[in-house]
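So the structure is just underneath, and the comments pick up after that.
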Amino acid sequence: MDRRDELAELLTDQDIETLRHLVNEGMGPNTLRALASDLAYLQAWSLAATGRSLPWPAPEALLLKFVAHHLWDPEKRLIDAEHGMPADVEDKLRIQGLLRATGPHAPQTVRRRLATWSTLTKWRSLDGSFSCPGLRSAVRLAIRARPRPRSRKSAKAVTGDILAKLIATCATGSLRDIRDRAILMVAFASGGRRRSEIAGLRKEQLQRQEPIENGGAPPLPSLAIHLGRTKTSEADNNEVVYLTGRPVDALDAWLKAAKIDKGNVFRAIDRWGNVSRRPLTPKTINDIVKQRVAMAGLDPVEFSAHGLRSGYLTEAANRGVPLPEAMEQSRHRSVQQASQYYNNAQRRSGRASLLIE
């Protein structure tokens, strides 16, 4: 309270609004949505599990209870109905739509929500028990006791052959086909951009480049995309990726057909074929990919928008593009993560798998 009174004397209302704006801009909408979602879940869980609102700071016992309710053993649950999250707590969360899947939470979800809880505690200028050895040991041992395979965000990668099938479904001159064709080609060719980056792409991020010589054939159009803030970089990093050839033509066709000269590039289209000023959401980008997958006669359960990102690296590996060169375009920070796609592609056809032909 002393610190709050001191800040109240120093900060004007305008100062607070300025700081709030900087926090919102510095974090980005996806991070803020995740924080709000996690806080809503934590509050609902606390009410269901203890009958009280989330305390600040949370005692160590409550943090351990959270772990016990979310990282339980399914096999133990079969012989002990009281193991893990109590049935009444689970029912209350399901009624509110906050708990949909059955079984324990994924370890990364539990870690993320604990991290959110810790961050919000620090924002209140309070000390929590999030770094105590007991909590860290509980999380580590709970995960070790219940191993589960890590699942990919997209079960299958959208490689070049799959991409061609999806693009083939955009064969008419309708605005939706022109838009979706541009989304697929730009997302893939720009290094497998994340769906949030495609949804948030703005005309101001595009910069024309000198055409690329094409060995006697007509020069290929070239375009630079200034990414700004991404999941792994800040807005002032000025990261750039490039489009060349057909993806540039597809993007130009959409911008011309939709008459977009500023603002968001990929926008909603209403039932009458009018282009909205409202940009597409990351979820809509994912829905478009799944819709095109279904139209191509493939199983939409096996693909998602992230398949364009994993597919880009997989296709680069299949074509013999060096990993560092592909990472320059995909902007992966982790060589270990990016090399997984290369390793999978190369192991299928490499010498190690061909010892007996």
Side-chain angles (χ1 to χ4, degrees), residues 23 27-155 195-196 231 282-283 286 301 304 306 337:
V23 168
M27 283 193 164
N30 291 336
T31 302
L32 289 173
R33 275 194 294 269
L35 284 172
S37 174
D38 287 343
L39 177 58
Y41 181 87
L42 290 168
Q43 169 70 356
W45 170 80
S46 180
L47 287 170
T50 69
R52 297 186 298 273
S53 293
L54 207 62
W56 304 96
E60 182 179 354
L62 187 63
L63 300 179
L64 293 172
K65 180 186 286 288
F66 182 81
V67 174
H69 281 196
H70 295 86
L71 290 178
W72 42 273
D73 184 351
E75 295 184 2
K76 175 70 173 177
R77 184 73 166 263
L78 294 175
I79 59 176
D80 182 1
E82 296 184 358
H83 176 73
M85 183 181 291
D88 62 324
V89 176
E90 184 175 335
D91 290 342
K92 291 175 183 178
L93 294 176
R94 289 194 186 283
I95 290 173
Q96 299 176 68
L98 296 172
L99 190 63
R100 297 183 179 88
T102 59
H105 276 40
Q108 58 265 32
T109 301
V110 173
R111 284 195 175 110
R112 191 196 71 232
R113 283 179 170 155
L114 286 173
T116 295
W117 202 345
S118 175
T119 297
L120 294 173
T121 300
K122 291 176 182 177
W123 283 3
R124 291 170 178 255
S125 300
L126 299 171
D127 294 325
S129 301
F130 298 92
S131 60
C132 67
L135 178 63
R136 288 184 293 180
S137 296
V139 173
R140 184 178 68 254
L141 294 175
I143 294 173
R144 183 181 299 174
R146 190 183 54 83
R148 52 187 270 170
R150 181 184 177 93
S151 59
R152 292 191 182 277
K153 296 178 182 178
S154 180
R195 58 183 181 173
S196 60
K231 181 179 178 181
K283 180 182 181 302
N286 194 55
V301 174
S304 71
H306 190 267
Q337 181 183 14

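This one's a predicted model, so the numbers in the text were calculated from it and none came from an experiment.
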**Message:** Return the CG to CG distance between L54 and L47, rounded to the nearest 0.5 Å.
**Reply:** 8.5 Å
**Message:** With side-chain contact (heavy atoms from CB on, under 4.5 Å) as the criterion, how do L62 and W117 come out once you've worked through the C-alpha distance, each side chain's angles and the decisive distance to 0.1 Å?
**Reply:** CA-CA 12 Å; L62 187 63; W117 202 345; 3.9 Å; yes
**Message:** Quick one: does any side-chain atom of T121 pair with a main-chain N or O of L126 as donor and acceptor, under 3.5 Å?
**Reply:** no
**Message:** For a quick test of reading the model, state the closest non-hydrogen atom pair linking A44 to L98 and the distance between them.
**Reply:** CB-CD1, 3.2 Å
**Request:** Quick one: closest heavy-atom pair of L64 and A138, and the distance?
**Result:** CD2-CB, 3.7 Å
**Validation row: H70, P104 side chains within 4.5 angstrom (heavy atoms)** = no
**Prompt:** Is the shortest distance from a Lys or Arg side-chain nitrogen in E90 or R77 to a carboxylate oxygen in the other one below 4.0 Å?
**Reply:** yes
**side-chain contact (heavy atoms from CB on, under 4.5 Å) evaluation trace for T102 with R94** = CA-CA 10 Å; T102 59; R94 289 194 186 283; 3.9 Å; yes
**Asked** Taking C-beta and beyond as the side chain, do K92 and W45 meet within less than 4.5 Å on heavy atoms?
**Response** no
**Asked** So do the side chains of W56 and W123 get within less than 4.5 Å of each other, counting heavy atoms only?
**Response** no
**Asked** How would you list, by chain and number, every residue that makes a side-chain contact (heavy atoms from CB on, under 4.5 Å) with T109, sequence neighbours excluded?
**Response** H105, A106, R112, R113
**Asked** OG of S46 to OH of Y41: how many Å apart, nearest 0.5 Å?
**Response** 11.5 Å
**Asked** Distance from D80 atom CG to W72 atom CH2, nearest 0.5 Å?
**Response** 11.5 Å
**Prompt:** Between atom OG1 of T50 and atom NZ of K65, what is the distance when rounded to the nearest 0.5 Å?
**Reply:** 8.0 Å
**Approximate separation, where rounding is to 0.5 Å, of T116 OG1 and D38 CG** = 4.0 Å
**Asked** Just wondering, are more than 12 heavy atoms of other shown residues or ligands nearer than 6.0 Å to CG in D88?
**Response** yes
**Item:** Nearest non-hydrogen partners of G134 and E60, listed with the distance
**Value:** CA-OE2, 3.9 Å
**Item:** K122: partners by salt bridge (Lys or Arg N to Asp or Glu O under 4.0 Å), with sequence neighbours left out
**Value:** none
**Request:** State whether the side chain of H83 and the backbone N or O of D73 hold a donor-acceptor pair below 3.5 Å, judged by distance alone.
**Result:** yes
**Request:** Find the distance between OG (S196) and CG (N286) and round it off to the nearest 0.5 Å.
**Result:** 11.5 Å
**Item:** Which atom of L63 lies closest to which atom of A58, heavy atoms considered
**Value:** CD2-CB, 4.1 Å
